[in-house]
Student: 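Here it is, the structure in full.
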Amino acid sequence: MKNKEVAEIFNKVAALLEIRGDNPYRIRAYQKAAQTIEALTTDIEELAKQGKLEKLPGIGADLAGKIKEVLRTGTLPIYEELKKEIPLVLLDFLEIPSLGPKKVKVLYEKLGITNIEELEKACKEHKIAKLPGFGWKTEENILKGITLFREKRGRRPLGEVLLLAEEIIETLKRESPVENIAVAGSIRRRKETVKDIDILITSVQPEKVMKKVTELPLVEEVIAFGETKTSVRLRTGIQMDIRVVEPDSWGAALAYFTGSKTHNIRVRELALEKGLKINEYGVFKGEEKIAGKTEEEVYASIGLPFIPPELREDRGEIEAALQGKLPKIVEYNEILGDAHVHSKYSDGTASLEEIIVKAEKLGLSWIAICDHSQGLKVAGGVSVEDLFKKKKHIEELNKRSSKVKLIFGAEVDILSDGTLDYPDEVLAEIDFVIAAIHTGFQQTEEQITNRIISALKHPLVHAIAHPTGRVIGEREPYAVNMPKILEVASEYGKALEINAYYKRLDLDDINARAAKERGIPLIIGTDAHFIDQINYLPLGIAVARRGWCEKKDILNTLTYEEFIAWLKNLRNPS
DNA sequence: GCCGTTTTCGGCCCGACTGTTTTCAGTCG
């Protein structure tokens with residue numbers, strides 16, 4: 001948690017400096033530092049103690065000192081100073097489309113506007129249009145922006161947007177003259193939340209495609225309309241940007257629009273060092289275009305192998321690629337099973353038979369049926385008696401089904417005192433025990449951490465489900481000391497779950513990478529309560545990929561027999 | 001504010017579109 005808090009302060013300093021109109025490169029330095037800190041897989045406090053802060057990219061003597069200051073005092077002199085100069089609420093204004101730092105500054109200095117209500121009032125009284133650089137159009141845009149802001153149309157979970165994007169692509173393929181079409185941006189990188197939908201197209205009739213885009217029934221409003229770039233807002237509130245390029249520029253454009261922004265900056269800096277220029281149209285040596293048709297070509301032009309989109313976050317992937325040390329991240333088709341599915345035995349809606357049919361459809365060869373344990377009454381926790389019925393049921397089905405095997409598991413509650421929700425003699429009968437916290441979220445960090453640690457140390461537990469308990473956009477993680485959890489999991493060889501449910505994705509990419517670096521096995525489970533939620537499995541795989549995980553790091557790449565062997569071996573090492 | 005087998009100073013990614021302008025700053029990605 002500490003890392004996020006430090007990063008947050010740096011980000012705010014950067015935003016405030018922007019409004020103040022400070023040196024843009026100084027601002028970028030703060031932003032870059034914030035990003036580096038947020039992506040750390042170790043506790044920043046540890047790095048500070050070891051005097052290793054200055055080894056981090058983008059952090060020099062000055063910022064290292066400032067990090068230490070934040071860790072010591074919780075704030076920074078420059079931050080406090082800026083807050084006095086510029087009201088913090090102005091940062092909210094930056095979220096309003098068409099308002100950037102320059103305009104926000106003018107609003108504050110000329111009209112003394114310091115909250116949304118005042119801003120709205122000033123628009124309605126047409127005071128804004130009279131300001132230099134503003135006009136009636138800007139006034140209208142701000143009013144629209146305020147409405148959007150109030151509706152909190154911020155980042156949405158990837159799982160919510162991905163299907164929509166794929167649907168739109170199918171429609172455009174069918175109904176307009178596109179040749180290549182692909183989703184780019186943070187969706188292609190499979191970031192856990194996304195702000196907009198970026199779609200890239202090649203076409204010989206770009207104007208027809210653009211027209212079609214604006215006519216899609218899903219479109220509510222056209223924000224910008226150009227020959228090569230069109231932006232619309234969909235009825236769901238999300239923005240969609242469409243770019244059309246020449247086939248010859250497909251790879252360069254795809255790389256460009258996939259981002260991330262910081263990854264792109266690094267790539268282009270590398271190009272400059274080699275006397276090349278990269279833009280969305282290609283790689284150029286002087287006037288001559290030397291690459292651009294494919295992404296591979298673009299990376300190769302600056303001496304890099306292809307970097308999978310999920311890694312393009314400027315979290316060391318470029319350095320790794322330069323050294324030939326890019327991980328061979330786990331492939332989507334290497335995942336053979338889903339390690340966390342609920343059935344009718346607890347609060348799931350599907351029968352075991354239905355789950356088998358679904359798994360076969362998805363090409364999976366095993367599913368771990370992990371229903372809730374007895375104490376979790378709200379979620380239909382399974383009594384000991386029913387648990388043994390389920391065990392028998394699974395054994396019978398496994399005899400009949402050859403393509404898909406079920407694994408007899410349980411998602412066992414970690415009670416508030418750290419003990420487990422079934423007695424040991426029952427746990428011993430369960431082939432796969434994944435323990436989880438479902439109650440007592442308000443406990444202190446020490447209490448929660450100790451609960452999970454006692455579960456990790458329990459000899460019959462194999463893994464911990466959704467280790468931080470966060471629900472994207474709804475619930476913050478409970479107070480848990482992740483470095484300690486990682487330490488104990490690593491010591492005891494226990495697995496941690498990447499929960500693939502679209503609102504959990506817990507562990508997240510950064511924690512998954514931290515686990516991988518410590519040799520902790522990871523296990524992906526959809527936590528499906530409805531049969532179709534098993535479809536979310538790729539979202540969990542995406543987290544693993546974003547966490548630099550390779551095949552060997554993920555237990556779901558094991559065959560049924562291998563996984564059963566792993567489970568047994570953990571309890572009785574051979 | 002960072003960074004350096006061309007550099008400890010002078011660089012720091014690149015382009016489309018909008019709106020307010022009569023040539024371009026600001027915003028956005």
Side-chain angles (χ1 to χ4, degrees), chain A residues 10 13-14 17-19 21-36 53-67 76 78 93-107 128-142 144-145 184-189 194-200 206 210 222-232 239-245 249 252-253 255-284 302 314 318:
Chain A
F10 276 42
V13 169
L17 286 173
E18 259 191 309
I19 294 176
D22 216 289
N23 174 1
Y25 298 106
R26 187 184 181 208
I27 293 162
R28 210 174 97 185
Y30 277 97
Q31 288 167 337
K32 168 72 187 151
Q35 206 218 348
T36 302
L53 290 175
E54 284 185 53
K55 292 217 168 84
L56 297 172
I59 290 175
D62 183 86
L63 287 179
K66 290 199 166 94
I67 292 171
L76 279 178
I78 185 176
F93 290 9
L94 296 175
E95 310 270 316
I96 295 171
S98 79
L99 281 188
K102 297 287 187 329
K103 284 203 158 71
V104 168
K105 188 179 188 206
V106 173
L107 290 173
I128 305 274
K130 297 193 185 87
L131 294 171
F134 290 73
W136 64 273
K137 195 89 186 178
T138 312
E139 215 167 59
E140 256 184 13
N141 284 341
I142 293 174
K144 272 189 212 162
S186 47
I187 297 182
R188 182 157 180 251
R189 302 200 309 279
V194 299
K195 198 161 65 81
D196 52 20
I197 300 174
D198 293 295
I199 290 177
L200 184 68
M210 288 310 196
V222 178
I223 301 168
F225 186 79
E227 282 174 30
T228 64
K229 179 182 170 184
T230 289
S231 293
V232 297
Q239 182 171 326
M240 176 166 78
D241 299 327
I242 309 269
R243 296 286 302 242
V244 179
V245 296
S249 299
Y256 182 79
F257 293 111
T258 296
S260 64
K261 193 171 165 181
T262 47
H263 175 90
N264 284 350
I265 290 175
R266 295 296 316 282
V267 165
R268 272 175 258 147
E269 279 170 356
L270 268 184
L272 280 179
E273 282 172 27
K274 295 188 184 292
L276 302 172
K277 187 181 87 168
I278 297 185
N279 58 26
E280 60 259 57
Y281 303 110
V283 183
F284 296 86
I302 50 170
D314 190 21
I318 292 179

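Throughout, a chain's letter reflects where its sequence line sits, starting with A, and its residues are numbered from 1.
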Student: Measure CD/A:Glu273 against C1'/B:dT7 and give the value in whole Å, please.
Tutor: 12 Å
Student: Tell me whether the side-chain N or O atoms of A:Asp196 pair up with the base of B:dG29 as donor and acceptor below 3.5 Å, since no angle test is needed here.
Tutor: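 In this structure, the two groups form no donor-acceptor pair.
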Student: Can you tell me the distance, in whole Å, between the CG atom of A:Asp62 and the C1' atom of B:dC3?
Tutor: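 Nearest whole value for this atom pair: 14 Å.
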Student: Roughly, in whole Å, what's the span from CD1 in A:Ile78 to P in B:dG1?
Tutor: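 These atoms are roughly 6 Å apart.
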Student: Do NZ/NE/NH1/NH2 and the carboxylate oxygens of A:Arg243 and A:Glu280 come within less than 4.0 Å?
Tutor: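 A:Glu280 and A:Arg243: salt-bridged.
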Student: What is the distance, to the nearest angstrom, from the CD1 atom on A:Ile27 to the C1' atom on B:dG26?
Tutor: 14 Å
Student: Quick one: label A:Lys261 by what it contacts on the DNA or RNA (base, sugar-phosphate, nothing), any heavy atom closer than 4.0 Å.
Tutor: base
Student: Work out how far the C1' atom of B:dT8 is from that of B:dC3, and round it to whole angstrom.
Tutor: 9 Å
Student: Whole angstrom is fine here: how far is it from CG in A:Leu131 over to P in B:dG19?
Tutor: 17 Å
Student: Would you classify A:Lys105 as touching base, sugar-phosphate or nothing, given that sugar-phosphate means primed atoms plus P, OP1 and OP2, and contacts are heavy atoms under 4.0 Å?
Tutor: nothing
Student: Which whole number of Å gives the distance between the P atom of B:dG1 and that of B:dT5?
Tutor: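 Going atom to atom, P in each nucleotide, I get 23 Å.
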Student: How long is the line joining CD1 of A:Ile223 and C1' of B:dA16, in whole Å?
Tutor: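 Computing the A:Ile223:CD1 to B:dA16:C1' distance gives 14 Å.
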Student: Taking only side-chain N and O atoms of A:Lys229, does any of them lie within less than 4.0 angstrom of OP1 or OP2 on B:dC28?
Tutor: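 False: A:Lys229 side-chain N/O out of range (4.0 Å or more) of B:dC28 OP1/OP2.
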Student: Between atom CG in A:Leu272 and atom P in B:dG4, what is the gap in whole Å?
Tutor: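 For the pair A:Leu272 CG and B:dG4 P, the rounded distance is 16 Å.
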Student: Specify the residue among A:Pro97 and A:Ile265 whose closest nucleotide of DNA chain B lies further upstream toward the 5′ end.
Tutor: A:Ile265
Student: At 4.0 Å (heavy atoms only), tell me whether A:Lys32 reaches a base, stays on the sugar-phosphate, or touches nothing.
Tutor: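 Contact class for A:Lys32: none.
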Student: How far, in whole Å, is B:dT6 from B:dG11 if one measures between their C1' atoms?
Tutor: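 One C1' to the other, the span is 13 Å.
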Student: Nearest to the A:Lys137 side chain among B:dT20, B:dG15, B:dG29, which nucleotide is it?
Tutor: B:dT20
Student: Please report, rounded to the nearest Å, how far the P atom of B:dC3 is from the CZ atom of A:Arg26.
Tutor: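 Going from A:Arg26 (CZ) to B:dC3 (P), I get 16 Å.
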Student: Do the non-hydrogen side-chain atoms of A:Glu269 and A:Ile265 ever get within less than 4.5 Å of each other?
Tutor: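 The answer is yes, as the side chains (C-beta and beyond) meet within the 4.5 Å cut-off.
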Student: In terms of side-chain heavy atoms of A:Tyr30, which of B:dC17, B:dG1, B:dG19 is nearest?
Tutor: B:dG1
Student: Between A:Gln239 and A:Asp241, is a side chain to side chain donor-acceptor pair (under 3.5 Å) present by the stated rule, with each step listed?
Tutor: CA-CA 7 Å; A:Gln239 182 171 326; A:Asp241 299 327; 3.0 Å; yes
Student: Salt bridge check, A:Arg188 against A:Asp198: does any charged N sit closer than 4.0 Å to a carboxylate O?
Tutor: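 The answer is no: the pair does not qualify as a salt bridge.
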Student: Looking at the base of B:dC14, is there any donor atom on it, or on the side chain of A:Tyr256, that sits under 3.5 Å from an acceptor on the other one?
Tutor: yes
Student: Does some side-chain heavy atom of A:Asn141 sit less than 4.5 Å from a side-chain heavy atom of A:Pro97?
Tutor: no
Student: Among B:dG15, B:dC17, B:dG1, which nucleotide has an atom closest to any side-chain atom of A:Tyr25?
Tutor: B:dG1
Student: Does A:Lys66 qualify as a cation-pi partner of A:Phe10, given the criterion of NZ or CZ under 6.0 Å from the six-membered ring centre and within 45 degrees of its axis?
Tutor: no
Student: Report which part of the nucleic acid A:Arg243 touches: base, sugar-phosphate, or nothing (heavy-atom distance under 4.0 Å, all strands).
Tutor: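 The answer is sugar-phosphate, as A:Arg243 gets under 4.0 Å only of primed atoms, P, OP1 or OP2.
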Student: Among B:dG1, B:dC17, B:dA16, which nucleotide sits nearest the side chain of A:Ala224?
Tutor: B:dC17
Student: Given that A:Lys277 and A:Phe134 both sit by DNA chain B, which one's nearest nucleotide is further toward the 5' end?
Tutor: A:Lys277
Student: Side chain of A:Tyr281: nearest nucleotide among B:dA16, B:dT18, B:dG26?
Tutor: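 So the side chain of A:Tyr281 is nearest to B:dA16.
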Student: Which whole number of Å gives the distance between the C1' atom of B:dC28 and that of B:dT22?
Tutor: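 The answer is 24 Å between these two C1' atoms.
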Student: Does B:dT8 have a Watson-Crick or wobble partner in any strand here, with both distances under 3.5 angstrom, and which is it?
Tutor: none
Student: Quote, to the nearest angstrom, the P distance that separates B:dT27 from B:dT20.
Tutor: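 So the two P atoms sit 12 Å from each other.
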Student: How many angstroms lie between atom CZ of A:Arg266 and atom NZ of A:Lys261, to the nearest 0.5 angstrom?
Tutor: 15.5 Å
Student: Using a cut-off of strictly less than 4.0 Å, decide whether A:Thr138 has a side-chain nitrogen or oxygen near OP1 or OP2 of B:dT20.
Tutor: yes
Student: Determine the Euclidean distance between corresponding C1' atoms of B:dT7 and B:dC12; express it in Å to zero decimal places.
Tutor: 13 Å
Student: Between A:Asn264 and B:dG29, does any side-chain N or O lie under 4.0 Å from OP1 or OP2?
Tutor: no
Student: Quantified in whole Å, what is the P atom distance between nucleotide B:dA16 and nucleotide B:dG10?
Tutor: 32 Å
Student: Contact class for A:Thr228 (heavy atom, under 4.0 Å): base, sugar-phosphate, or nothing?
Tutor: sugar-phosphate
Student: Give A:Phe257 one of three labels, base, sugar-phosphate or nothing, depending on what nucleic acid heavy atoms sit under 4.0 Å from its own.
Tutor: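 Nothing: the residue A:Phe257, judged by heavy atoms under 4.0 Å, touches no strand.
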Student: How would you label the contact of A:Asn23 with the nucleic acid (heavy atoms, under 4.0 Å): base, sugar-phosphate, or nothing?
Tutor: base
Student: Rounding to the closest angstrom, what is the interatomic distance between B:dC9 and B:dG15 at atom C1'?
Tutor: 29 Å
Student: So which nucleotide from B:dG1, B:dA16, B:dG26 ends up closest to the side chain of A:Lys103?
Tutor: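 Of B:dG1, B:dA16, B:dG26, B:dG26 is nearest to the side chain of A:Lys103.
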Student: How long is the gap from CG on A:Leu99 to CG on A:Leu94, to the nearest 0.5 Å?
Tutor: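 It is 8.0 Å, given to the nearest 0.5 Å.
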Student: Just to be sure I understand the rule, does A:Pro132 reach a base, reach only the sugar-phosphate, or reach nothing, if contact means heavy atoms closer than 4.0 Å?
Tutor: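 The answer is nothing, as A:Pro132 stays clear of every strand by at least 4.0 Å.
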